[in-house]
Amino acid sequence: MNSSEKQEVGPASCKRTKFLSLVLEPVQWLQMLSSQLHSSFIFGIVLVYGLCQGFSGSFFKVVTDYYWKDVQKVQPSTVQIYIGLYYLPWVMKPIWGIFTDAFPIKGYHRRPYFVIAGVLGLVSALIVALLGKLPIALALTCLIGITGGMAIADVVIDACIARNSIETRALAPDMQSLCAFCSGAGSLIGYSSSGFFIHHLGHQGALGILAIPPTLLIVLGFVIYETRATSHHFEKKKAIESVIFTMKGMCKSIKLPQVWKPSLYMFLSFAVSISTHEGQFYWATDPKAGPAFSQEFVGVIYALGAVASIIGVLIYHKTLKDYPYRNLLFFAQLLYGISGMLDLIFILRWNLALGIPDSFFVITEQCVSHIVSRLRWIPMIVLSTRLCPRGIEGTFFALLMCIDILGSLISKWGGGIVLHLLHVTRTDYRNLWLVILIRNVLRFATLGLIFLVPKGNHSNELIPMDLLRKNSDTITDDEGMRLLSINETNED
């Protein structure tokens with residue numbers, strides 16, 4: 001081979017090598033996480049965050065929007081209130097955390113609660129899908145039951161994430177990146193398929209698809225291996241002592257300035273930014289007032305938003321994870337307010353005046369807003385894991401998530417109230433632009449609270465490792481979890 005041929009082969013070979021390394025990088029990353037943590041822990045994240053939260057959450061969002069609009073024919077402001085009720089099981093996460101930590105079933109802390117979560121979600125989904133048009137109260141109860149199953153499963157896996165984030169601090173951002181990536185990938189599938197199933201199964205029949213993930217949760221409860229506690233029989237007295245310790249530890253921890261200040265910021269950043277989703281959804285699918293997007297196209301819009309969420313995760317993981325919390329959240333919140341202005345442009349139809357089609361503009365807006373939302377959300381989750389004291393990390397992380405979700409609930413209800421006060425209905429959208437403008441102003445106002453966020457990053461210790469001390473006889477440790485092999489099944 002002469003020198004000219006070598007020069008031609010060299011660059012081509014180099015390109016193939018770079019492409020191959022790029023393709024293998026996610027696989028190698030997962031292998032690294034599995035070796036440093038545990039393969040069953042990684043599997044649990046993929047299942048709970050990818051299927052139960054990512055797929056079910058996105059599919060649930062689209063299908064229930066159409067269910068309330070076309071089956072129950074409810075006003076958008078009322079739907080905002082109903083959606084706020086979906087958050088109640090998530091607000092109760094500390095209670096689920098206390099149950100899983102302090103009240104094991106037959107010596108198991110994790111297995112039975114996966115099964116309980118699955119049964120709750122399965123029964124709720126089947127009732128609302130198969131029994132025809134239900135009274136609003138019963139339909140709302142079933143939909144809350146579906147979200148309740150997701151919330152309980154989330155608490156179980158989050159306890160493991162919090163413990164591993166404490167023990168291996170360097171991998172805390174990686175774990176949250178994996179959670180966000182799985183959630184984004186699941187959301188992509190859920191959004192992409194939602195329009196198809198709504199069109200072919202109907203608004204109510206499509207809800208039957210939501211019975212699949214909780215069924216797999218039940219299977220997971222029997223497949224996941226958890227060491228059965230043998231040192232105690234967990235008498236009522238021991239359980240009560242554990243609950244008392246947990247409650248005292250939570251009170252002691254939340255009083256620390258380095259804990260309550262960032263928790264307050266995260267709560268207010270969600271609560272102050274009122275939600276206008278239902279008003280925008282009703283307008284966008286209205287054949288007279290809005291662009292009249294079809295069911296399939298709505299699914300495509302959300303699906304591309306899910307892709308953008310994954311891009312946001314990659315941007316954070318590759319370039320931003322080592323930045324200080326305060327700097328990162330300041331610029332993320334600033335971009336959050338700026339991106340909200342795209343909604344205002346769309347509602348006022350200024351995009352058409354600029355010659356930009358509705359379909360192109362709304363896809364662009366969704367992608368930008370989802371990327372910014374991920375860049376804003378992930379640092380908050382990483383920060384929350386660093387605020388959890390050892391010994392009650394599962395319950396305390398659930399408490400912090402409860403505070404965030406309570407902020408989201410207030411955001412939904414606040415948005416519903418503003419929509420109602422400004423008379424935004426199923427047929428009147430004249431003041432929708434004003435609702436969105438108010439929302440955007442509130443997003444910018446949150447920047448004034450950034451001083452509540454610490455300046456450190458994920459490598460800094462924000463609270464003392466030995467903040468809580470307790471006699472080892474009464475500490476309830478998270479048991480290691482791994483997949484149960486065939487031999488281990490036979491032994492049990």
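Since this is a predicted model, take the numbers as computed values, not measurements. Sequence positions, counted from 1, serve as the residue numbers for this chain.
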* Side chains of L329 and Y265: closer than 4.5 Å at any heavy-atom pair? -> yes

* Interatomic spacing from OG1 in T64 to CZ in F59 - rounded to 0.5 Å -> 10.0 Å

* Contact check, side chains of L122 and L126, non-hydrogen atoms, under 4.5 Å -> yes

* Asked: Which value, rounded to the nearest 0.5 Å, describes the distance between E365 atom CD and S339 atom OG?
  -> 7.5 Å

* Between the main-chain N or O of V313 and the side-chain N or O of H317, is there a donor-acceptor pair closer than 3.5 Å? -> no

* **pair P379-Y323: side-chain heavy atoms closer than 4.5 Å** => no

* Asked: If you take all heavy atoms of S58 and G186, which pair is closest and at what distance?
  -> OG-O, 3.9 Å

* To do: Check whether any side-chain N or O of R326 sits under 3.5 Å from a backbone N or O of V453 as a donor-acceptor pair, and report yes or no.
  => yes

* To do: Drop me the distance from C251's SG to K248's NZ, to the nearest 0.5 angstrom.
  => 10.0 Å

* Asked: What distance separates F444 CZ from L334 CG, expressed to the nearest 0.5 Å?
  -> 6.5 Å

* Asked: Hey, what's the ring geometry for F270 with W377, parallel, tilted or perpendicular (30° and 60° as the breaks)?
  -> perpendicular

* Non-hydrogen side-chain atoms of Q333 and S273 separated by less than 4.5 Å -> no

* Structure fact -> For L217 and G149, the nearest pair of non-hydrogen atoms, with its separation, is CD1-O, 4.4 Å

* For Y191, does the OH atom have more than 12 heavy-atom neighbours from other residues, nucleotides or ligands under 6.0 Å away? -> yes

* So, do F297 and I363 sit near enough that their side-chain heavy atoms are less than 4.5 Å apart? -> yes

* **Stepwise side chain to side chain contact (heavy atoms under 4.5 Å, CB included) test for I146 and L143** => CA-CA 5 Å; I146 294 173; L143 295 178; 4.2 Å; yes

* Evaluation steps, side chain to side chain contact (heavy atoms under 4.5 Å, CB included), between F60 and S56 -> CA-CA 6 Å; F60 180 88; S56 290; 5.6 Å; no

* For F55 and P213, which heavy atoms make the closest approach, and how far apart are they? -> CD2-CG, 4.1 Å

* To do: Could you tell me the separation between the CG atom of L178 and the OH atom of Y49, rounded to the nearest 0.5 Å?
  => 10.0 Å

* Please lay out, stage by stage, how I83 and D65 fare under the test side chain to side chain contact (heavy atoms under 4.5 Å, CB included). => CA-CA 9 Å; I83 291 178; D65 276 346; 4.2 Å; yes

* Asked: Taking all atoms of both residues into account, what is the closest heavy-atom pair of L449 and L268, and its distance?
  -> CD1-CD1, 3.5 Å

* Asked: Which heavy atom in L335 sits nearest to a heavy atom in V372, and how many Å separate them?
  -> C-CG1, 3.7 Å

* Taking the side chain as every heavy atom from C-beta outward, state whether P89 and I144 have any pair of such atoms under 4.5 Å apart. => yes

* T319 side-chain N/O to I315 backbone N/O, donor-acceptor pair under 3.5 Å -> yes

* Evaluate the side chain to side chain contact (heavy atoms under 4.5 Å, CB included) criterion for residues M401 and I381: first the C-alpha distance (whole Å), next the side-chain angles of each, then the deciding distance (0.1 Å), finally the verdict. => CA-CA 8 Å; M401 293 299 97; I381 300 298; 3.6 Å; yes

* Asked: Distance under 6.0 Å and angle within 45° of the ring axis: does K61 meet both against Y302?
  -> yes

* Hey, does the side chain of S187 reach the backbone of S183 with a donor-acceptor pair shorter than 3.5 angstrom? -> yes

* Structure fact -> In short, C367 meets A308 closest at the heavy-atom pair O-CB, 3.3 Å

* Asked: Do P454 and R386 touch side chain to side chain, with heavy atoms closer than 4.5 Å?
  -> no

* **pair T276-D343: side-chain heavy atoms closer than 4.5 Å** => no

* Supply the atom-to-atom distance K412 NZ to I410 CD1, rounded to the nearest 0.5 angstrom. => 14.0 Å

